[in-house]
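Every value quoted in this text rests on a predicted model; they were computed, and no experiment measured them.
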Amino acid sequence: MARHLITSALPYINGIKHLGNMVGSMLPADVYSRYLRQRGHDVLYICATDEHGTPAELAAKELGLPVDEFCAQAHDAQKAVYDGFALAFDYFGRSSSEQNVEITQHFARKLKENGFIEERSIRQVYSPADGRFLPDRYVEGTCPHCGYDKARGDQCENCTRVLDPTDLIEPRSAISGSTDLEVRETKHLFLLQSKLQHEVEAWVAAHEHQWPQLASSIARKWLTEGLHDRAITRDLDWGVPVPADTWPELAAEGKVFYVWFDAPIEYIGATKEWSDQDPENRDWKSWWFDVDTDVRYTEFMAKDNVPFHTVMFPATELGVREPWKKVDVVKAFNWLTYYGGKFSTSQKRGVFTDQALEVLPADYWRYFLIANAPESDDSSFTWEHFTATVNKDLADTLGNFVNRVLSFSRKRFGDAVPAGAAAGEAEAKLGEEIARLLAEYEEHMEALQFRKAAAALRALWSAGNSYLEEKAPWLEIKTDQEAAALTLRTAMNLIHLYAVVSEPFIPTSSAAMRGAFALEDDTATWVTPEQARSLTSIPAGTPFTVPPVLFAKLTEDDLEAYKERFGGTPA
């Protein structure tokens with residue numbers, strides 16, 4: 001089977017992420033990784049906390065902690081939330097690792113050797129009130145392109161344009177708010193992206209047919225506007241240091257690499273972190289170096305990260321003139337909004353992932369978010385929509401089916417799967433329908449069309465309910481116990497099938513469904529459409545139990561409580 005390398009955009013270290021961040025990167029990557037593993041593929045899913053840059057320094061200072069200690073604690077806190085969401089990373093690393101420092105410095109040396117990095121004197125914003133040069137993220141002002149008045153000096157989050165601090169109108173320090181800013185001369189390293197423009201264009205042209213339109217259109221927009229040489233160092237205390245053997249003067253000044261230079265390299269660095277834990281059995285280079293025909297690499301990210309992954313990082317990889325693996329598929333997402341307004345980490349607007357787990361278990365969130373993933377356009381989170389989806393799809397369509405089949409069968413036939421009559425026309429018809437829907441589900445998962453995959457999964461669940469309503473075992477049993485037993489046995493086989501194929505979406509609930517049956521040798525990792533036609537994986541006589549309620553139905557009181565706690569409209 002194919003080898004699949006999967007990465008999701010690195011969550012930044014300063015704070016727990018909101019639901020929009022989860023659905024725009026890590027969750028769909030996890031769903032896809034789980035699906036591929038179940039289909040027998042060799043999968044490596046890598047992610048990490050993105051720990052460098054001024055925000056980490058400032059957050060640590062505010063808490064009175066050394067920045068390395070702050071990042072270690074924040075990493076553990078984020079990892080705990082992702083464990084709560086059942087994200088099955090193969091490794092969740094840290095961009096401050098020794099491995100990332102080593103590989104980032106190697107990339108920088110090779111880029112200089114090949115003529116793609118040069119040292120330049122520039123004029124940079126300095127804040128006397130703060131006593132420091134201001135990294136571009138900590139200069140705020142009005143975007144000259146769209147007029148957004150909270151644009152940062154590196155990028156406007158409203159129109160996604162990449163900026164320099166000196167581009168901003170009425171700039172101010174994001175640290176102190178001071179508008180008393182000066183421009184002073186300092187030296188920095190520049191990545192000469194302009195010299196790589198044509199190579200990046202050719203690379204994008206060769207790969208964009210595999211990308212969703214959102215990713216390719218953003219990449220093309222950048223390329224059409226032209227790639228500009230970009231400063232890749234900053235005046236900070238925290239980051240990957242400029243190597244003293246190559247740039248002694250800058251190293252002596254304490255320059256570090258720009259976070260957007262080292263963060264994508266951390267995909268490689270985290271893989272080496274994973275490999276170094278068990279070097280006899282893991283080879284990080286087999287995933288990243290000279291493997292273009294062997295490994296299929298898929299990245300997951302929200303649209304604001306797309307330019308860096310489709311243009312800047314590929315330019316870096318091309319410039320080192322070494323055969324590093326480049327991405328094959330960039331799965332980009334639009335925004336998940338909160339009642340039509342932006343989720344905001346900085347402004348604490350919306351539902352954050354730790355809060356979500358306080359409200360309900362992870363599977364509720366996993367299913368809702370993927371079923372409403374912002375793929376073709378932005379999608380809006382509302383508590384009304386969330387409640388309706390949970391009640392209709394999870395509680396009624398799936399949960400109620402499982403509960404009433406197992407409860408009724410135990411009541412009338414005991415704690416083992418009943419034998420009943422041989423399968424008839426209704427079962428053959430059901431098998432064909434399940435096979436068709438399962439093939440559709442597989443097709444959408446392979447194509448990374450998550451909303452369509454969720455719709456196909458929901459249709460699979462609905463098919464079981466339709467069969468149950470048609471056969472009505474609660475009526476059959478009054479006149480033909482063998483027919484009722486057949487219906488229940490078939491429905492139990494559907495429950496087992498649902499447990500297997502729903503696992504990428506709702507892993508905890510799937511385990512509960514699967515665990516209801518005491519099969520001696522339940523090693524199935526997937527059910528093919530052909531296997532699904534027969535619906536015979538659970539033989540008669542198999543002991544079973546009735547699991548606790550899979551999904552509680554949410555009430556009007558629940559809805560009002562959620563809205564009171566989180567707000568029913570964006571602030």
Side-chain angles (χ1 to χ4, degrees), residues 5-30 33 44-63 65-104 135 137 154 234 236-241 256-277 284 299-302 304-305 308-309 313 343-346 352-357 362:
L5 175 63
I6 296 172
T7 64
S8 53
L10 309 186
Y12 196 68
I13 196 66
N14 64 334
I16 301 299
K17 304 303 139 187
H18 54 67
L19 294 181
N21 183 281
M22 176 64 71
V23 74
S25 56
M26 291 174 284
L27 181 55
D30 178 74
S33 298
L44 185 64
Y45 176 22
I46 295 292
C47 194
T49 39
D50 180 6
E51 300 187 6
H52 293 138
T54 306
E57 287 187 352
L58 295 176
K61 183 178 180 181
E62 185 176 340
L63 293 173
L65 294 173
V67 66
D68 58 344
E69 184 177 335
F70 163 78
C71 287
Q73 293 180 9
H75 169 86
D76 291 345
Q78 287 199 22
K79 181 60 165 59
V81 172
Y82 304 144
D83 288 344
F85 267 85
L87 301 183
F89 304 115
D90 287 286
Y91 190 76
F92 186 71
R94 302 180 59 189
S95 69
S96 59
S97 68
E98 293 180 3
Q99 292 87 342
N100 194 40
V101 171
E102 173 192 340
I103 298 171
T104 297
R137 281 181 61 92
D154 61 342
R234 295 293 185 268
L236 294 171
D237 297 326
W238 178 243
V240 174
V256 301
F257 285 107
Y258 176 39
V259 64
W260 265 114
F261 182 74
D262 81 85
I265 296 172
E266 167 60 7
Y267 298 132
I268 306 172
T271 310
K272 189 172 189 301
E273 293 172 53
W274 164 80
S275 180
D276 287 349
Q277 289 187 336
W284 66 278
E299 290 180 340
F300 291 80
M301 69 198 67
D304 57 331
N305 287 325
F308 300 99
H309 290 80
F313 186 44
F343 281 83
S344 173
T345 301
S346 60
F352 289 75
T353 49
D354 56 343
Q355 298 169 330
L357 295 177

Can you give me every donor-acceptor pair (side chain of residues 82-89, partner residue at least two apart or in another chain, under 3.5 Å) with its distance?
from, atom 1, to, atom 2, distance (Å)
Y82, OH, Q78, OE1, 2.9
D83, OD1, K79, NZ, 2.7
D83, OD2, K79, NZ, 3.3

Subject >> Residues, nucleotides or ligands: over 12 heavy atoms within 6.0 Å of E98 CD >> reply: no
Subject >> E62, CD atom: more than 12 neighbouring heavy atoms under 6.0 Å >> reply: no
Grab the two heavy atoms, one from [X] and one from [Y], that are nearest each other, plus how far apart they are.
| X | Y | value |
| --- | --- | --- |
| A56 | C71 | CB-SG, 4.1 Å |
| A270 | A48 | CB-CB, 4.4 Å |
| N14 | F70 | CA-CZ, 4.3 Å |
| D237 | E57 | N-OE2, 2.8 Å |
| F257 | P241 | CE1-O, 3.7 Å |

Short side-chain to backbone donor-acceptor contact, [X] and [Y], under 3.5 Å:
| X | Y | answer |
| --- | --- | --- |
| D90 | I46 | no |
| S275 | T271 | no |
| T49 | I13 | no |
| K17 | Y12 | yes |

Original post:
Will you find, in the side chains of Y45 and S8, an N or O donor that is under 3.5 Å from an N or O acceptor?
Top reply: yes
Original post:
Taking the six-membered ring for Trp, are W260 and H309 ring centroids under 6.0 Å apart?
Top reply: yes
Subject >> Pair listing, salt bridge (charged side-chain N to carboxylate O under 4.0 Å, His left out) test, anchored in residues 44-53, at least two apart >> reply: E51-R94
**OP:** Measure the shortest side-chain to side-chain distance between F300 and L27 over non-hydrogen atoms and say whether it is less than 4.5 angstrom.
**Re:** no
